[in-house]
Structures are given as C-alpha cells and as structure tokens.
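The structure appears below as structure tokens.
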Amino acid sequence: MSSILAENNDLVVNENTALNQDVQRYWTHRAAEYSHINATELANAKRARWLKKIMEYAPDAPLLRVLDIGTGPGFFAVALAGHRVTAVDMTEAMLTEARANAAHYAVHVDFVSADVHAMPLADNQFDLIVTRNVTWNLAEPLRAYREWRRLLAPGGRLLNFDANWYLQLFDESSRLGYLDDRANARYLGLEDHYVNTDITNRLKNDYNRCPDMRQKSIAGCYQNNVGWLYGWDKMSGKDIKGEKIWFQPQDSRFFEYHSTGAGAEKNDGRRQLTVEQTAEYTKDKVLAGWTLTAP
C-alpha cells in the first residue's frame, strides 16, 4: 500500500465542502441498499459483461495497475480482480461495504479513503482508471478530471461511465420516461431500482445555487436567489396514487419570509419570519427529522 501513496503530503486535501458533506450523507444512507444492488450484479452476468466492455478499451497488458475512483461498494474493484487494483471513495460506509464484498470474493484491493478531487496518490502510476456513477456527484468536475489525469501513466486510459441521474427533476420528457419506467417495472413484477433514491436533491441543488450559501440561512437564500418563498395561499402536490392534493401554509415546514404577496401580514394563519428568525433556518435544521420513504 505504501508504494502507491504520494510522498508529498500537500496532495492530501480534506475539502469538507457543503456539497461534499451532502454527497457523503446521501451515500451513507444508501450504502447498504446500493451494495445489495452491486452484489447482485457481481453474482450475475453483468460482472462478465462489464469486464468485457472495460477490457475492450483498456491498455493491452496482462497485468494492469488499476484505479477505481468512487468505488462505492466495490463493483469495479472486485470485477477487475487479477490486476493490481486500488479503489478510492470519500464515504466510509461505502468503503465498509466494498471491503466486505472484496472479502466475500477473496480478492485483494487497496482501499483509500479520500476526496476524488485531490487524492493522496503519486503521479503517473495507473495504467487504467475506471469510474462509474461518480461525476454527477462532483462539485468541480474539471478539477477532478485534472486530478485523474495526473495519476495516469503514459499511455494510460480513463474510462468514465455515467448518466444524467435525476434529470427527471428538471426535464419534463425525462420525468414522463421515469414515470413510465416505474409503472412498467410494477406491471412486469421487476425490481424498482429507484426505490430509496433521494428526490430531495432538488431542494439541495437549489440551495447550493445560493452564491453565499455558507453564510445565509435557507430561507434567506431561497428568497433572494430562487424567488419562490413569497406569499402563497395554498400549494398542490400529488399523493401516492398520483392524484392532486392541496395543503395550506400552516401545513408546510417552510414559513414565509419577507413576503409581499396578498395577505402577507403576520398572523396565526400567515406566519412571517423576522430577519433574525431566518438566520436560524439553516438547511440542516429545515431537513432535520425528515425520513426518506419509497415513492
């Protein structure tokens, strides 16, 4: 293990950004369930199919030095066993699952806990870098790509597999396709791989658009940058059957702040936060106590 670690300690960076913390919480919550999905793939034909696809583009050598970035539960790391594999992830719960999966298949993998934007690994040492479902999580993709390029040996290859995850939150045609997929899975009795995915990411994404999100409360950020925390009489949503339901301001976790809409005066039915009160409504407080449930 010591041979692959960088001697320059300046490479060891703990970003500890708000988005990284969100990513860690998200994948910590999903670690066991996602590991189950990966374990199923490792036990069926998908393992061989993925390995075949990777080796089509990998350098032609009998023994490769491989880096699996964002290994998660270790699917690529285990699938590429037989080569010299190093696997990196920033979420300890995922690394725990990955180590267990590697032990189950009795394969050796060097696991490293690190932010994939800045890894404690020496330059130019990997023949092949693989990553799956990682780049959509990244705060600074271009910086990450530069970091990964630093680690490639001359003639090395980077293979990145990813998709537009959660595009259904922002694109209507994707949303309709998403709903069709789920309906078809139920009709055919197939496993719904969307179960336990966290659709509160839209809320977090909007929050992260606030330029000074580390200083402002969530209410202040939304009011100034997103523009929908204004006066409202009622809002609609959909129940589990897809039917429209209505709820009133007093039913919402969000209170009004600096509302200029009709009926915006402060009273029991239309509660207005003061400037001082908004400072207390940080993202962690607003989301505290929420429990994710399958749609």
Any heavy-atom pair between the side chains of [Y] and [X] that's under 4.5 Å?
X      : Y      : value
Leu158 : Ile69  : no
Thr40  : Lys46  : no
Trp165 : Asn137 : no
Arg175 : Leu179 : yes
Leu64  : Pro59  : yes
Glu33  : His36  : no
Leu67  : Val130 : no

Straight-line distance of [X] [atom1] to [Y] [atom2], nearest 0.5 Å:
X      : Y      : atom1 : atom2 : value
Arg84  : Gln125 : CZ    : CD    : 8.5 Å
His117 : Glu147 : NE2   : CD    : 10.0 Å
Asp180 : Tyr187 : CG    : OH    : 14.0 Å
Glu56  : Leu51  : CD    : CG    : 10.5 Å
His104 : Leu42  : NE2   : CG    : 8.5 Å
Leu128 : Asp68  : CG    : CG    : 9.5 Å

Strictly by modelled atom types, are [X] and [Y] linked by a side-chain donor-acceptor pair under 3.5 Å?
X      : Y      : value
Ser35  : Asn101 : yes
Thr135 : Asp162 : yes
Gln168 : Ser174 : no
Arg182 : Tyr178 : yes

_Trp148 ring center near Phe126 ring center (under 6.0 Å)_ = no

_Grouping I, L, V, M, F, W and Y whenever their side-chain heavy atoms are under 4.5 Å apart, do Leu167 and Leu176 come out in a common cluster?_
no

*Under 4.5 Å between side-chain heavy atoms, hopping through other hydrophobics if needed: is there a path connecting Val109 to Met55?*
yes

*asked:* Which residue in the set Val66, Val78, Thr71 passes side-chain contact (heavy atoms from CB on, under 4.5 Å) when paired with Val85?
replied: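 When Val66, Val78, Thr71 are each tested with Val85, the side-chain contact (heavy atoms from CB on, under 4.5 Å) holds only for Val66.
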
*Looking only at non-hydrogen atoms, find the nearest pair between Phe75 and Arg47 and report the distance.*
CZ-CA, 4.1 Å

*What pair of heavy atoms forms the shortest contact from Ala163 to Trp136, and how long is it?*
O-CB, 4.3 Å

*asked:* Salt bridge check, Glu41 against Arg132: does any charged N sit closer than 4.0 Å to a carboxylate O?
replied: yes

*What do you reckon, is CZ of Phe161 surrounded by more than 12 foreign heavy atoms closer than 6.0 Å?*
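Atom CZ in Phe161 is packed in, count exceeds 12.
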
